[in-house]
Novice: 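Mind having a look at this structure? Questions to follow.
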Amino acid sequence: MGQAPVQRPHHHSYRKDMLFPKKHQPIIIACLLVIISLIILSYSVKQPAKVGFFRSLVLETVAPLANVITVSCRGVNEAWKRYIFLVGLEDENRHLKKENASLTQDLNQYREGYLEGMRLQKLLALKGRVQYPLIAARVIGRDQSSILKTILINKGTSHGLRVDLPVMADQGVVGRIIETSLHVSQILLLTDESSNIDALVQENRIQGIVQGAGSIGYSLKYVPKTESVNIGNVVITSGISGLFPKGLLIGSVKNVDKTDSGLFQRIDIAPFVDFARIEEVMVMVLDKDDNK
């Protein structure tokens, strides 16, 4: 069997394809035509009498090609301008978002400062109603896991505080200090069931003991059924125990029940203080003999 003749590659066509890829050949040809036309046009300008026909031909040929090239360049230029505009717009948008976040944070800080100032202003108003020195303190902790209902404040013995000092909010009595260190004190809240304070009904001066009742608030204990206590009556400290000065607000009567067996009626008290929202308090600094 004869071998098939080996076909040698056409080096000329291969080199031509390498030098001028097929996808670029129309553009190259168009450019060559423009260059040749411009050369002929230039020559016809120098000798118009001899090459008038060629000049007309060149003008007819060059004009469409020049228009295509001009439109293409203009499109590229417009696309580039749009790209630069979008990049600049994205940078500006990023900058505005960052600035907006910063302004929002500043606004929130100003709002918190304003609200804190309003709360402190109400606390400072206690100085006009209480004749004892007051020390402002911030609530820094709440002990939810303990059996006792307590809060922590950021003042201690280095600020002149000690155990058993009364603690106030602008609405009324919060509790008393049960433990203190240099810079921190623990407050037993009046709602704790182990908290007891001598009190009286402001309207008719009936005396009793206010005991903490947890989420219910307080109970006014040891008031005989023969006494008349009405819903809405205000309950204040009596000053008898020597722990709290007389006349501090505690709460108001929200329920009276005389149906239980025994000598005493059941009286529920709603606290004036919103214990869930306490953020600042005033500690009443007094000597042990001041409230007698």
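Values below: every heavy atom of this structure, side chains too, minus hydrogens, waters and symmetry copies.
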Novice: Please find the pair of heavy atoms, one from Y132 and one from V285, that lie closest to each other, and give the distance.
Specialist: CB-O, 4.2 Å
Novice: Testing the basics here: between V235 and I269, what is the closest heavy-atom pair and its distance to 0.1 Å?
Specialist: CG2-CD1, 3.7 Å
Novice: Would a single hydrophobic cluster contain both L243 and V210, if residues Ile, Leu, Val, Met, Phe, Trp and Tyr are joined by side-chain heavy-atom contacts under 4.5 Å?
Specialist: yes
Novice: To the nearest 0.5 angstrom, please state how far the CG atom of D198 sits from the OH atom of Y222.
Specialist: 11.0 Å
Novice: Can you list everything that forms a side-chain contact (heavy atoms from CB on, under 4.5 Å) with T226? Sequence neighbours excluded, please.
Specialist: P224
Novice: What's the verdict on side-chain contact (heavy atoms from CB on, under 4.5 Å) for V223 and V229, showing C-alpha distance, side-chain angles and the deciding distance?
Specialist: CA-CA 9 Å; V223 177; V229 178; 4.1 Å; yes
Novice: Return the minimal non-hydrogen interatomic distance between V174 and F275, and the atom names on each side.
Specialist: O-CE2, 3.4 Å
Novice: I'd like to know whether V281 forms a side-chain contact (heavy atoms from CB on, under 4.5 Å) with I153, so could you lay out the CA-CA distance, the side-chain angles of the two residues, the decisive distance to 0.1 Å, and finally the verdict.
Specialist: CA-CA 8 Å; V281 296; I153 60 174; 3.8 Å; yes
Novice: Any idea which heavy atoms bring Q265 and V256 closest together, and the distance?
Specialist: OE1-CG1, 3.2 Å
Novice: Quick one: which of T157, V167, L161 gives a side chain to side chain contact (heavy atoms under 4.5 Å, CB included) with S185?
Specialist: L161
Novice: For I216, does the CD1 atom sit with more than 12 other heavy atoms under 6.0 Å from it, leaving out its own atoms?
Specialist: no
Novice: Check whether any side-chain heavy atom of I278 lies under 4.5 Å from a side-chain heavy atom of V273, and answer yes or no.
Specialist: yes
Novice: Please say yes or no: joined through hydrophobic side-chain contacts below 4.5 Å, possibly via intermediate residues, are F264 and I240 part of one cluster?
Specialist: no
Novice: Sequence neighbours left out, what passes side-chain contact (heavy atoms from CB on, under 4.5 Å) with N230? Give chain and number order.
Specialist: S228, N233
Novice: Could you check whether any side-chain N or O of K155 sits under 3.5 Å from a backbone N or O of A136, counting only pairs where one atom can act as donor and the other as acceptor?
Specialist: yes
Novice: By the rule that ILVMFWY residues connect when side-chain heavy atoms come within less than 4.5 angstrom, directly or transitively, which residues belong alongside V184?
Specialist: I140, L152
Novice: Are P245 and L286 close enough that some pair of their side-chain heavy atoms sits under 4.5 Å apart?
Specialist: yes
Novice: To the nearest 0.5 Å, what is the distance between CG (L190) and NZ (K149)?
Specialist: 12.0 Å
Novice: Any donor-acceptor pair under 3.5 Å linking the side chain of T237 with the backbone of L248?
Specialist: yes
Novice: Check step by step if side-chain contact (heavy atoms from CB on, under 4.5 Å) holds for M284 and M168.
Specialist: CA-CA 7 Å; M284 193 177 298; M168 301 283 297; 3.8 Å; yes
Novice: Supply the atom-to-atom distance S195 OG to I187 CD1, rounded to the nearest 0.5 angstrom.
Specialist: 11.5 Å
Novice: Following the transitive rule for hydrophobic clusters with a side-chain heavy-atom cut-off under 4.5 Å over Ile, Leu, Val, Met, Phe, Trp and Tyr, establish whether I209 and I267 coincide in one cluster.
Specialist: no
Novice: Hey, is the main chain of G262 close enough, under 3.5 Å, to the side chain of K225 for a donor-acceptor pair?
Specialist: yes
Novice: For V234, give me all partners under side-chain contact (heavy atoms from CB on, under 4.5 Å), at least two apart in sequence or on another chain.
Specialist: Q202, E203, I236, L249, F272
Novice: Is there a donor-acceptor pair under 3.5 Å between the side chain of T150 and the backbone N or O of L188?
Specialist: no
Novice: Report the distance from atom OG1 of T180 to atom CD of Q186, rounding to the nearest 0.5 Å.
Specialist: 10.0 Å
Novice: State, to 0.1 Å, how close L165 and G160 come at their nearest heavy-atom pair, and which atoms those are.
Specialist: CD1-O, 4.2 Å
Novice: How close do A199 and S238 get, counting heavy atoms only, and between which atoms?
Specialist: N-OG, 3.7 Å
Novice: Applying the 4.5 Å side-chain criterion to the ILVMFWY set and letting contacts propagate, would I250 and I206 be lumped into a single cluster?
Specialist: yes
Novice: According to salt bridge (Lys or Arg N to Asp or Glu O under 4.0 Å), does anything in residues 255-271 pair up with another residue at least two apart or in another chain? List the pairs.
Specialist: R266-D268
Novice: With side chain to side chain donor-acceptor pair (under 3.5 Å) as the rule and sequence neighbours excluded, what pairs involving residues 204-215 come up?
Specialist: none
